[in-house]
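Okay, structure first, notes after.
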Amino acid sequence: MAAALFDPTVAPPSQFSVFNALGGSKELFVLTTGHFDYPRRIREERQLRAAPRIFFAPR
């Protein structure tokens with residue numbers, strides 16, 4: 001799951017609460033900002049897209 005430290009649309013405490021309420025195996029990806037353009041957005045989006053492949057990779 002991805003949650004943002006700043007988000008003008010969805011309050012960050014709500015985002016982190018949803019993550020904490022999830023059961024089972026989970027991983028949190030923290031974005032600098034959600035629903036807002038910022039200098040590192042493209043780099044963070046690339047990392048976020050790669051995260052499921054890493055999470056579900058055979059071990």
Side-chain angles (χ1 to χ4, degrees):
M1 181 182 152
L5 298 173
F6 168 79
D7 191 325
T9 305
V10 182
S14 300
Q15 296 177 42
F16 289 93
S17 294
V18 169
F19 175 78
N20 290 330
L22 293 173
S25 183
K26 60 187 178 182
E27 190 169 310
L28 178 64
F29 189 93
V30 179
L31 295 166
T32 302
T33 302
H35 301 102
F36 193 80
D37 198 20
Y38 56 105
R40 295 184 54 202
R41 181 182 60 83
I42 292 173
R43 182 178 353 158
E44 287 184 3
E45 286 178 359
R46 285 184 186 140
Q47 293 170 331
L48 177 59
R49 282 193 297 273
R53 290 190 299 274
I54 295 166
F55 183 79
F56 291 110
R59 296 178 189 203

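In what follows, every heavy atom counts, from backbone to side chain, and hydrogens, waters and symmetry copies are set aside. As the structure is a prediction and not an experimental result, all values here were calculated from the model. Residues: numbered from 1 along the sequence shown.
- By the 4.5 Å heavy-atom criterion applied to side chains, Arg43 and Arg40 are counted as neighbours.
- Minimum interatomic distance between Ala3 and Leu28 (heavy atoms only, all atoms of both residues): CB-CD1, 3.9 Å.
- The line from OH of Tyr38 to OG1 of Thr32 is 5.0 Å long, rounded to the nearest 0.5 Å.
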_What verdict does the side-chain contact (heavy atoms from CB on, under 4.5 Å) test give for Leu5 and Leu31, after you've listed the backbone C-alpha separation in whole Å, the side-chain angles of each residue and the deciding distance to 0.1 Å?_
CA-CA 6 Å; Leu5 298 173; Leu31 295 166; over 6 Å; no
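- Summarising the geometry of Leu22 relative to Met1, their closest heavy-atom pair is CD1-SD, 4.0 Å, with the distance given to 0.1 Å.
- Cluster membership for Phe19 and Val10, using ILVMFWY side-chain heavy atoms within less than 4.5 angstrom, is not shared.
- Remark: Ile42 CD1 is loosely packed, at most 12 non-hydrogen atoms of other residues, nucleotides or ligands lying under 6.0 Å away.
- Taking every heavy atom of both residues into account, His35 and Thr9 meet most closely at CB-OG1, 3.5 Å.
- The minimum heavy-atom distance between Ala2 and Leu48, with the atom names listed, is CB-CD1, 3.8 Å.
- Contact between Lys26 and Asn20 at its shortest, heavy atoms only, is NZ-O, 3.5 Å.
- Residues Arg41 and Phe36 fail the side-chain proximity criterion, which asks for heavy atoms closer than 4.5 Å.
- Heavy atoms of other residues, nucleotides or ligands lying less than 6.0 angstrom from CZ of Phe6 number more than 12.
- Taking all atoms of both residues into account, the shortest heavy-atom contact from Gly34 to Pro8 is O-CD, 3.3 Å.
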